[in-house]
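Everything quoted here is computed from the prediction, not taken from an experiment.
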Amino acid sequence: MIVPMKKVFLVVLDSEKKEALKKLRKAGLVHLSDVEGKGEVLARNKSEFNTLESAYMQLSEVKLTKAESKGLVPVDAKGTTVEEALAFAKDVLGCFETKKAAENLIIQNSVELERFAKWGKVSPEDLTYLQGKGVSLALYEIPANKYNSIGKDVETVYVNSDKGTTRFLLLNAPEGRPEGLPPEAFAITLPVKSSETMLDEITAARKTIADVDAKLHAAVAKLPVLKTGMGISGKEIEFENVFSGMEHEENSAHALAWITGFVPAEDETAVKTLAKEENWGYASCDPSDEDAVPTKLKNNKFVSLIYPVSDFLGTVPGYTEYDISGWFLLFFCIFFGMIFGDGGYGLLMVVAALFAMLKSKGKPAPAICLLMLLGATTMLWGMVTCNWFGIPVDVLPAWLKNLSLTGGPLPLSNVKAAESAAAKDLVSQNLQVFCFILALIQLSVAHLKGIVRNIKSLKAFGELGSLGMVFGLFFLVLNMVVDANRFPLPSWAIPVIGGGFALSFIFANYEGSVVKSILESLKNIVSVLLGVVNNFSDIVSYIRLWAVGLAGSAISETVNNMAGGMLGGFIIFAGVLLLCFGHGLNMVLNLLSVIVHGVRLNTLEFSSHLGMSWSGFSYEPFSETVEK
């Protein structure tokens, strides 16, 4: 459920607002409205946080050897202050700057050494010394076939030649370019340092890099210090932002400051009591439609298993929208199982979840529990369809076949499909029908929730009309998509679709006036008409569960066929590797399909029929608690 909120107003003396904010933060109940702070203190806090974050990000990317990783013992950062973390961060950043400078020096010197590699050792100091003794030397290169064309009045010293280039020294040349020197000859700019100096600098720089790397590798153990410092610094920024951004009176002996926020209705008494104890001005009211109200979800432990998925997606329902966590979890598990579609894959997930639970010593994370649930759902679907690692059904044991759904009005088992081509087509159709049944159920739930929410308004008839269209279109989809002979269109389907459209057209926009509702529909007549098409396509969209599951099964069978020939010979190890790689890749592709397709059906098709836009943001109270 979405927890009801109260909008609260707090008024304090401007001179006491810092202490008041500290006590309000200690209470940790009020989600404050956005304020924009300013000032030097806030700017300094942000700069400190950026320093900590930069050090943390760069240190996190340091690569350790296997031995170093194995022996790494993270430092206990409990009690770390921002000052200590900041000093460590500056030291870390200094190391990275030193390493970067050394790497740049190596690159620069290496480029220069490469430039003069054909000249041998070059020393600007020696050339300067000779110039002081009256011997001027300049370095030149010229195409080999042009060297003999140098004028006889130009004194040169031949150095060497290779690949058509000749190097020579120009002796005691006058200022400027000698007239007898061909235009093809070009002067070589002298290096700033001698070759020996550059080589010594490279050696020293490499030692510096090695020393810095050793220091950084040891510093990785202190990453928790930076993490803790970032958390504390973030809280300081939050506090200073509120403190400097609070509205207040100016030029008054008893100036007041005030701020607004939101608190869960169940916690309002605690805030009201605190305000009374501290002599703060206090008022509260229900949020208006214009207020940006945070969303706080409250569900039981089982339904809360879906939170890792919603957190990953970053989806939060608006305060006035629905909390569909329970329905999301139910259908997400079904969609997950159908997309993976293999009981063997589900078994692997269950084993992995059990191992993680044992390792967590009875305190598994919600994500692990969710993995267990998803694995169990996948196993159940694999059991119903008799699909285990893509193994042909004639090879599977009889007890596994007996667990599958081979009879009844809607047989779904591969055992049934293996009987004949007609039986295979029947099972394929049944899987499609099952997908459309899921669509009917989920979209009906959406409109039933709309009817319940608007039960005291004529708008409920609009939701009833949409529900009627979904039912009528369901049978139309079976007729058009699955099989017209097997699923003839009922005589009442078209009237139900038409009647549903009429109710939706008249009451969908009802806000106290039927006439205004009809006019609103007329104004958006194109969108209204397209709505019928959208309802049809939304139902058809659920066939993706069958299609993606079928693709996964085909990949499994292909992998088995490719590896099968290797398992009976001397290259059995190659066959095992191929099986592991192929099925592992298939599981990764299935996971991506769940994100693309399984999540979409909940957050798009289902949510659009609910009228949800996921426009909310999470309730985050002003508190001292530092996120881990």
**Q.** Closest contact, heavy atoms only, Gln432 versus Ile543
**A.** OE1-CD1, 3.7 Å

Q. So do the side chains of Pro317 and Ile324 get within less than 4.5 Å of each other, counting heavy atoms only?
A. no

(Q) Are Val528 and Phe501 packed together at the side-chain level, in the sense that at least one heavy-atom pair is separated by less than 4.5 angstrom? (A) yes

**Q.** Residues which pass side-chain hydrogen bond (donor to acceptor under 3.5 Å, both in side chains) with Asp538, listed by chain and number, not counting sequence neighbours
**A.** His609

Q | Those residues that, when tested against Phe461, pass ring pair (Phe, Tyr, Trp, His ring centres under 6.0 Å) (two or more places apart) | A | Phe507

Q. So how far is it from Glu624 CD to Glu238 CD, rounded to the nearest 0.5 Å?
A. 11.0 Å

Q. Under 4.5 Å between any side-chain heavy atoms of Leu29 and Pro621, yes or no?
A. no

Q | Salt bridge Lys7-Asp286, side-chain N to carboxylate O under 4.0 Å | A | no

**Q.** Residues that Tyr56 engages under ring pair (Phe, Tyr, Trp, His ring centres under 6.0 Å), provided they are two or more places apart
**A.** none

Q: Decide side chain to side chain donor-acceptor pair (under 3.5 Å) for Gln442 and Tyr542; before the verdict, give the C-alpha distance in whole Å, the side-chain angles of both, and the deciding distance to 0.1 Å.
A: CA-CA 10 Å; Gln442 191 173 32; Tyr542 282 70; 2.5 Å; yes

**Q.** Partner of Phe434 under ring-ring contact (aromatic ring centres under 6.0 Å, His included), chosen from Trp381, Trp546, Phe335
**A.** Trp381

(Q) My understanding is that only residues two or more places apart in sequence, or in another chain, count here; which of them pass ring pair (Phe, Tyr, Trp, His ring centres under 6.0 Å) with Tyr319? (A) none

Q.
How close do Arg25 and Lys235 get, counting heavy atoms only, and between which atoms?
A. NH1-O, 3.7 Å

Q: Kindly determine whether Leu473 and Leu476 satisfy side-chain contact (heavy atoms from CB on, under 4.5 Å), including the steps that lead there.
A: CA-CA 5 Å; Leu473 289 169; Leu476 182 61; 3.9 Å; yes

Q: Sequence neighbours left out, what pairs pass salt bridge (Lys or Arg N to Asp or Glu O under 4.0 Å) with at least one residue falling in residues 409-421?
A: Lys416-Glu419

Q | More than 12 heavy atoms from other groups under 6.0 Å of CZ on Phe355 | A | no

Q) Taking only residues two or more places apart in sequence, or in another chain, which ones meet Asp323 in a side-chain hydrogen bond (donor to acceptor under 3.5 Å, both in side chains)? A) Asn299, Ser325

**Q.** Side-chain donor or acceptor of Ser428 paired with backbone N/O of Lys424 under 3.5 Å
**A.** no

Q | Exercise: identify the closest heavy-atom pair between Cys386 and Leu396 | A | SG-CD1, 3.7 Å

Q: Quick one: list whatever passes side chain to side chain contact (heavy atoms under 4.5 Å, CB included) with Thr228, sequence neighbours left out.
A: Ala77, Thr80, Ile232

(Q) For Phe617 and His31, take the angle between the two ring planes, folded into 0 to 90°, and tell me which bin it lands in: parallel under 30, tilted 30 to 60, perpendicular over 60. (A) tilted

Q. What do the steps show when you test Val532 against Phe536 for side-chain contact (heavy atoms from CB on, under 4.5 Å), and what is the final call?
A. CA-CA 6 Å; Val532 181; Phe536 181 87; over 6 Å; no

(Q) Is it the case that atom CH2 in Trp327 sees more than 12 heavy atoms from other parts of the structure closer than 6.0 Å? (A) no

Q. With a 4.5 Å limit on heavy-atom distance, are the side chains of Asn479 and Phe475 in contact?
A. no

Q: Given side-chain contact (heavy atoms from CB on, under 4.5 Å), test Leu373 with Cys333 step by step and report yes or no.
A: CA-CA 8 Å; Leu373 180 60; Cys333 289; 3.5 Å; yes

Q. Are side-chain heavy atoms of Ser413 and Val427 found at a separation under 4.5 Å?
A. no

Q: Could you point out which residue of Asp483, Leu478, Leu412, Val477 forms a side chain to side chain contact (heavy atoms under 4.5 Å, CB included) with Val433?
A: Leu478

Q. Any donor and acceptor pair, going by atom type alone, linking the side chain of Asn430 with main-chain N or O of Pro411 inside 3.5 Å?
A. yes

Q) Should Thr385 and Leu405 count as side-chain neighbours, where that means a heavy-atom distance under 4.5 Å? A) no

Q. Nearest heavy-atom pair of Ser504 and Met469: which atoms, and what distance?
A. CB-CE, 4.1 Å

Q.
Heavy-atom count check: over 12 atoms from other residues, nucleotides or ligands less than 6.0 Å from Asn300 CG?
A. yes

Q) How would you list, by chain and number, every residue that makes a salt bridge (Lys or Arg N to Asp or Glu O under 4.0 Å) with Lys449, sequence neighbours excluded? A) none

Q. Which heavy atom in Pro308 sits nearest to a heavy atom in Pro366, and how many Å separate them?
A. CG-CB, 4.0 Å

Q: Return yes when atom CG of Asp394 has more than 12 non-hydrogen atoms of other residues, nucleotides or ligands closer than 6.0 Å, and no otherwise.
A: yes

(Q) Among residues at least two apart in sequence or on other chains, which ones pass side-chain hydrogen bond (donor to acceptor under 3.5 Å, both in side chains) with Asn560? (A) His583

**Q.** Spatial distance of atom OG (Ser593) from atom CE (Met338) [nearest 0.5 Å]
**A.** 13.0 Å

Q: Kindly assign one of parallel, tilted or perpendicular to the pair Phe332 and Phe336, based on the angle between their ring planes and the thresholds 30° and 60°.
A: tilted

(Q) So Arg544 and Leu601, do their side chains get closer than 4.5 Å, heavy atoms only? (A) yes

Q | Tyr345 side chain near Asn586 side chain, heavy-atom distance below 4.5 Å | A | yes

Q. With a cut-off of 6.0 Å (strictly less than), are more than 12 heavy atoms of other residues, nucleotides or ligands near CE of Met562?
A. no

Q: Starting from the C-alpha separation in whole Å, work towards a yes-or-no answer on side-chain contact (heavy atoms from CB on, under 4.5 Å) for Phe328 and Val303.
A: CA-CA 9 Å; Phe328 197 123; Val303 174; over 6 Å; no

Q. Is there any salt bridge (Lys or Arg N to Asp or Glu O under 4.0 Å) pair reaching into residues 292-305, and which pairs are they, with sequence neighbours excluded?
A. Glu266-Lys298

Q | Donor on one side chain, acceptor on other, Thr603 and Trp614, under 3.5 Å | A | no

Q) Are a donor atom and an acceptor atom from the side chains of Glu557 and Ser553 found within less than 3.5 Å of each other? A) no

Q) What residues, two or more places apart in sequence or in another chain, satisfy side-chain hydrogen bond (donor to acceptor under 3.5 Å, both in side chains) together with Ser233? A) none

Q) Sequence neighbours excluded, which residues qualify as ring pair (Phe, Tyr, Trp, His ring centres under 6.0 Å) partners of Phe302? A) none

Q: State, to 0.1 Å, how close Pro294 and Ser618 come at their nearest heavy-atom pair, and which atoms those are.
A: CB-O, 4.0 Å

